[in-house]
Amino acid sequence: MRDKFLVFGSPQILEEDIAEVVDTLRSGWIGTGPKVGAFERAFREYVGAEHAVAVNSCTAALHLSLLVAGIGPGDEVITTPMTFCATANAIVHTGARPVFADIDRRTLNLDPERVEAAITARVRALLPVHFAGRPCAMGRFQEIARRHGLLLVEDAAHAIEGRTPQGKIGAVGDLTCFSFYVTKNVVTAEGGMITTRRQDWAEQLKIRALHGMSRDAWKRYSESGYQHYQVEVPGFKYNMTDIQAALGLGQLRRVEANLRRREEIWARYDRAFQGLPLHLPAPPEPSTIHARHLYTVLVDREEVGLDRDEFARRLHQLKIGTGVHYVAAHLQPYYQRAWNYRRGDFPEAEYVSDRTLSLPLGPKMSDQEVEDVVVAVQQVARSG
Ligand SMILES: Cc1ncc(COP(=O)(O)O)c(C=O)c1O
């Protein structure tokens with residue numbers, strides 16, 4: 001057994017990341033400035049989007065995206081219950097109603113048929129989540145959105161490297177939101193990005209991310225002399241700092257190499273867990289790139305002899321950290337109380353919610369750590 005606990009989602013921070021952050025700390029400017037600009041440009045080029053606007057979280061990205069898309073009270077937005085609460089909370093913060101539709105148990109993504117069935121006259125946008133890094137059926141969502149006149153806002157918190165047959169994630173929908181939270185594929189501690197092809201939205205996103213002011217601080221205090229700002233709308237404090245962007249720049253340079261490493265670990269897990277009574281992640285669809293963010297197995301008590309929580313507890317005893325992504329949003333007390341959701345509403349999401357367990361997966365993991373996970377999972381899966 002391991003001596004040291006293997007932390008789930010521990011980020012890879014290299015000397016080059018530290019040097020870039022130190023350079024920023026020494027530069028005399030640590031707020032939103034040139035490094036945020038450089039990070040936005042690098043991200044936009046990586047994704048192939050027209051515009052990229054950096055913010056301080058994906059939660060902020062989702063909130064601002066829905067606002068610039070004009071979503072507000074009286075509107076409905078369809079999303080998945082199999083997501084982090086931030087996705088649905090962002091809808092609530094605009095004043096709109098979060099409408100869940102069930103997922104496909106195999107892909108863990110929103111089922112386009114269920115989405116279509118949930119459309120009412122009040123629905124203004126679809127908010128699919130590329131769960132675990134697996135691209136959603138964007139062709140189907142584009143077609144549904146076009147037919148019903150809806151906007152397509154994507155939660156790509158897990159899917160920076162993802163590609164759909166329609167193009168790279170971030171260059172397909174109307175607005176796409178990314179996360180650089182500590183466990184994500186690119187890390188800035190806290191951070192997010194919005195990509196869009198519309199320049200007017202990109203400008204509005206920037207203004208609303210910084211109090212609704214017409215000029216950001218970097219421009220106000222620059223060499224060209226102090227300039228007054230004007231408050232155009234009551235905005236938010238959602239801007240990214242140069243310290244965060246400094247971290248992101250190096251991380252983004254390694255994004256593809258890190259994906260290769262996660263693909264290797266993924267393939268090792270697939271081979272090692274083949275004969276075990278666990279449900280393994282479905283292989284990616286043709287003509288897509290899976291961003292390999294979460295390796296999730298489903299633990300069914302009937303098949304394994306242990307439920308998911310007991311399985312996780314035994315892995316923990318073997319010093320292997322795990323995650324649960326997620327308890328379905330409609331099972332959370334707030335969504336039940338405020339929006340009248342109940343267990344039984346989305347059976348597929350509930351099936352996954354009760355059984356899902358994410359195993360450690362990250363570029364920082366050594367071969368030995370990967371083998372430790374393999375041996376521990378095999379031991380626990382056979383112990384039931
Ligand atoms: C699917 C999903 N959406 C949104 C978020 C929110 O991202 P952030 O923590 O950057 O606000 C997360 C995770 O943190 C997530 O996993």
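Counting starts at 1 for both ligands and their atoms, in listed order.
For His211 and Phe236, the ring centers sit 6.0 Å or farther from each other.
A salt bridge (charged side-chain N to carboxylate O under 4.0 Å, His left out) with Glu161 is found for one member of Lys168, Arg262, Arg261 and no other, namely Arg262.
Using a 4.0 Å cut-off between charged nitrogen and carboxylate oxygen, Arg342 and Glu350 do not count as a salt-bridge pair. Checked for salt-bridge contact, Arg41 and Glu45 miss the test: no charged N lies under 4.0 Å from a carboxylate O.
Classified by interplanar angle (parallel below 30°, tilted 30° to 60°, perpendicular above 60°), the ring pair Tyr295/Trp266 is perpendicular.
Protein residues lining ligand 1, listed by chain and number: Ser57, Cys58, Thr59, Thr83, Phe84, Ala86, Thr87, Val129, Asp155, Ala157, His158, Ser179, Tyr181, Lys184, Gly191, Tyr326 [non-hydrogen atoms, distance under 4.0 Å].
Across Val123 and Ile119, no two heavy atoms sit closer than the pair CG2-CA, 4.1 Å.
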